[in-house]
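For reference, the structure discussed in these notes is given below.
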Protein chains: 2
Amino acid sequence: MAQGPTITTIAARAGVSIASVSRVLNGLPTREETVRKVMAAADELGYVPNAVARSLKSNRTYQVAFAMADIGNPTYVAMVREIQPVLKAAGYRLVLHSTDGDVDDELDVLRRLGERYVDGLIISPLRGVAQRHLDLLTSAPAPVVVIGSVPEGTPVDNVRADSRAGVRLALEHLHGLGRRRIGLLNGPLDTVPGAARATAYTDALASLGLPYDPNLVEVGDFYRAEGALAARRLLERARPDALLCANDLIALGALDVLREERLRVPEDVALVGMDDTELATAAWPTLTSVGLGSAERGRRAAELLLDRLNDGAAAPRIVTVEPTLAVRASTEGAP
Amino acid sequence: MAQGPTITTIAARAGVSIASVSRVLNGLPTREETVRKVMAAADELGYVPNAVARSLKSNRTYQVAFAMADIGNPTYVAMVREIQPVLKAAGYRLVLHSTDGDVDDELDVLRRLGERYVDGLIISPLRGVAQRHLDLLTSAPAPVVVIGSVPEGTPVDNVRADSRAGVRLALEHLHGLGRRRIGLLNGPLDTVPGAARATAYTDALASLGLPYDPNLVEVGDFYRAEGALAARRLLERARPDALLCANDLIALGALDVLREERLRVPEDVALVGMDDTELATAAWPTLTSVGLGSAERGRRAAELLLDRLNDGAAAPRIVTVEPTLAVRASTEGAP
DNA sequence: CTCACTCCCGTAAACGTTTACGGGAGTCGC
DNA sequence: GCGACTCCCGTAAACGTTTACGGGAGTGAG
């Protein structure tokens with residue numbers, strides 16, 4: 001815990017000025033002998049440059065923040081897992097913020113960008129970019145990349161999933177299997193994913209020529225227990241032959257209830273999850289699930305941010321990641 | 001992206017010196033009118049103090065690093081999830097490092113502590129604290145808390161799981177159910193968890209009066225596919241009536257293989273996982289699993305570090321977290 | 001010998017804070 | 001009317017770097 005050596009210490013020991021020390025350590029042209037003396041002194045003292053002082057001078061912290069709702073959610077884990085190596089390879093550290101989906105927390109993170117403890121930010125606002133975000137976003141003192149949608153014309157880089165296409169994939173798959181009474185177990189409608197899945201669901205039904213039946217739709221939350229409750233409520237008043245769940249946790253909850261009710265999956269009810277997490281393959285029967293590309297979204301966001309940090313003033317970019325459908329036993333029978 | 005205002009800007013606008021600005025902003029006693037002028041100027045300019053400059057002066061970054069092998073691993077996710085709020089409540093940020101279990105990466109993290117970009121470090125070395133860690137650990141320029149074991153007498157705070165007790169819990173449970181040919185599907189023996197589980201297994205067998213049969217032990221890696229391979233190898237040469245798996249992923253792999261072989265769980269083979277992750281309840285049958293308290297270990301580690309950051313020179317503490325056994329369908333039949 | 005030029009390197013300023021120190025103005029008591 | 005004391009506040013140094021600037025020493029040409 002002792003105070004480490006500084007360039008001043010090295011300068012004294014090597015008998016040169018601190019400017020020379022700095023030059024040597026940064027590889028600027030210097031006389032051979034000076035280089036040797038400085039290097040020797042630095043080695044003997046075990047010198048490590050102070051990142052804080054360097055940051056103050058250079059205005060670069062080589063840190064990037066990632067703010068998301070909950071690091072326990074597999075979607076965000078997948079993102080972090082991809083973001084981290086990209087940043088690391090470019091010499092950046094990752095600062096993690098969990099906001100619990102609290103809008104004030106999110107705003108706080110944006111406001112704190114002014115402290116300049118990071119060079120940039122990747123943020124995934126659970127309840128979307130509200131008016132309150134907008135001013136902070138457009139005037140942010142550091143580059144920001146938003147994962148999720150952003151109002152038209154907001155000047156930030158943006159990576160989005162295509163919920164609509166994902167829901168359509170699922171419904172077409174179920175329709176192709178002959179299912180006609182396809183229910184939806186959704187999360188809260190005031191969240192970005194919840195709202196997106198709701199409208200995508202009605203649209204996809206329409207384009208398949210299926211009627212919209214409100215009895216087949218139930219709203220809960222993005223967790224297993226809430227998913228189970230929602231499933232129970234829905235089953236009490238309707239007989240779906242398929243259920244689309246807004247994420248894999250909800251699907252697990254639904255699976256619990258279906259099992260209790262002695263409804264066979266997929267014979268009686270076909271089940272589709274979303275996000276295609278490892279829970280989908282842990283479940284039994286394994287879960288057909290719509291992958292919304294969390295990993296890829298994370299990676300792309302990190303790349304966008306690094307680009308922005310390097311060149312700076314290009315036009316904001318919007319990247320849309322295509323969904324994929326992983327077909328498994330919960331719709332097609334064979335594990 | 002404009003350069004933000006500094007205390008100099010504020011001082012100019014308020015017509016006072018930078019010292020007064022600093023005093024006001026830090027709540028030091030100041031004349032009423034000065035306070036008003038400074039506050040007004042700061043508000044109008046939207047001033048946010050520069051964290052880097054502050055750190056340089058105060059020698060405090062209010063950042064803490066957590067280094068672990070892989071953020072995809074549910075064990076570490078559980079830790080991060082607990083560490084984050086503890087740190088946040090105390091005003092610290094979390095810097096995340098994934099080392100991929102690479103010892104050189106771990107050493108690098110330790111070495112970089114000299115850059116003083118964090119005030120402290122929580123590290124969970126996958127392959128244990130080797131001699132090479134020791135010098136760096138004892139001479140670390142910032143407090144370090146190790147999650148996992150540490151050689152006797154190493155002067156660092158330390159939080160450990162009780163693998164031995166966990167394995168004993170599992171074996172006693174299986175023994176109580178009448179199982180006598182209890183196999184072990186382990187991870188690599190040169191990792192801390194792998195080694196601990198191996199010796200704990202032989203010890204527990206001995207204390208139960210069961211013979212040790214090398215045919216019932218197989219080593220793979222801590223992933224599902226490797227777990228499946230190991231299970232297959234073991235089943236080719238032995239007929240266990242129970243399998244203890246070194247983590248839940250391995251157990252899932254084993255479950256896949258048992259299903260293929262048409263062996264019933266738990267009737268033919270009882271199955272126990274470790275770490276008690278959410279995968280255990282996602283699986284079917286649900287998995288009995290030994291919880292090693294990842295969440296609690298994370299929380300305790302964060303608390304130890306904060307204590308150390310506050311008072312400093314107390315004697316190093318060792319905290320051991322007790323294991324728990326979550327009994328589920330894979331050993332007791334009813335889901 | 002002097003001038004021009006090159007090559008190194010040291011002095012000092014700067015990044016944005018915090019804080020020790022001392023000075024000026026005011027009050028009070030004698 | 002002056003010393004002692006208090007209350008504010010400004011000047012300047014410091015944290016550990018990077019870097020602009022300029023000076024000294026050496027070389028070569030004229």
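In what follows, chains carry the letters A, B, and so on, assigned in the order in which the sequence lines appear, proteins first and then strands, with residues in each chain numbered from 1. Scope of the values below: all heavy atoms of this structure, side chains included, with no hydrogens, waters or symmetry mates.
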Salt bridge (charged side-chain N to carboxylate O under 4.0 Å, His left out) between B:D105 and A:K88, worked out: CA-CA 11 Å; B:D105 265 21; A:K88 185 174 181 177; 2.7 Å; yes
Close side-chain approach of B:P143 to B:L309, heavy-atom, < 4.5 Å: yes
Sugar-phosphate, base or nothing in reach of B:S22, heavy atoms under 4.0 Å: base
Integer-rounded Å distance: C:dT18 P and B:L28 CG: 9 Å
A:I123 CD1 to A:T99 OG1 distance, which is reported to the nearest 0.5 Å: 7.0 Å
Aromatic ring pairing A:Y62/A:Y92, orientation class (parallel under 30°, perpendicular over 60°, tilted between): tilted
4.5 Å side-chain heavy-atom contact, A:I71 and A:F66: no
Touch class at under 4.0 angstrom, heavy-atom based, for A:N26 against every strand present: sugar-phosphate
Spacing of CG belonging to A:L107 relative to CZ belonging to A:R112, to within rounding of 0.5 Å: 12.5 Å
Interatomic distance where CG belongs to A:N59 and P belongs to D:dT19 [whole Å]: 12 Å
Acceptor/donor pairs from residues 73-81 of chain B side chains to any protein atom, 3.5 angstrom cut, sequence neighbours excluded:
unit_1: B:N73; atom_1: OD1; unit_2: B:T75; atom_2: N; d: 2.8
unit_1: B:N73; atom_1: OD1; unit_2: B:T75; atom_2: OG1; d: 2.8
unit_1: B:T75; atom_1: OG1; unit_2: B:D275; atom_2: OD2; d: 3.2
unit_1: B:R81; atom_1: NE; unit_2: A:D70; atom_2: OD1; d: 3.4
unit_1: B:R81; atom_1: NH2; unit_2: A:D70; atom_2: OD2; d: 3.0

d(CD1, B:I10; C1', C:dG16) in whole Å: 11 Å
Length of the line joining B:R60:CZ and D:dC15:P, which is rounded to integer Å: 18 Å
Protein-nucleotide distance (B:K57, atom NZ; C:dT17, atom P), rounded to Å: 13 Å
Spacing of B:K37 atom NZ and B:E33 atom CD [to the nearest 0.5 Å]: 5.0 Å
Whole angstrom value for the distance that separates C1' of C:dT18 from CD1 of B:I7: 8 Å
Whole-Å gap separating C1' (D:dG16) and CG (A:N50): 6 Å
Estimated bend of the helix from C:dC1-D:dG30 to C:dC30-D:dG1 (axis per five terminal pairs, rounded to 10 degrees): 70°
CE-CG distance between B:M39 and B:L25, expressed to the nearest 0.5 angstrom: 6.0 Å
A:R54 CZ to C:dC15 P, straight-line distance once rounded to whole Å: 19 Å
Distances under 3.5 Å between nitrogen or oxygen atoms of protein and nucleotides 7-10 of chain C:
unit_1: C:dC8; atom_1: O3'; unit_2: A:R31; atom_2: NE; d: 3.4
unit_1: C:dC9; atom_1: OP1; unit_2: A:R31; atom_2: NE; d: 2.9
unit_1: C:dC9; atom_1: OP1; unit_2: A:R31; atom_2: NH2; d: 2.9
unit_1: C:dC9; atom_1: OP1; unit_2: A:T34; atom_2: OG1; d: 2.2
unit_1: C:dC9; atom_1: OP2; unit_2: A:R31; atom_2: N; d: 3.1
unit_1: C:dC9; atom_1: OP2; unit_2: A:T34; atom_2: OG1; d: 3.2
unit_1: C:dG10; atom_1: OP2; unit_2: A:S17; atom_2: N; d: 2.8
unit_1: C:dG10; atom_1: OP2; unit_2: A:S17; atom_2: OG; d: 2.7
unit_1: C:dG10; atom_1: OP2; unit_2: A:S20; atom_2: OG; d: 2.8
unit_1: C:dG10; atom_1: N7; unit_2: A:R23; atom_2: NH2; d: 2.9
unit_1: C:dG10; atom_1: O6; unit_2: A:R23; atom_2: NH1; d: 3.1

Selection from C:dT17, D:dT18, D:dC15 that lies nearest to any side-chain heavy atom of B:Y47: C:dT17
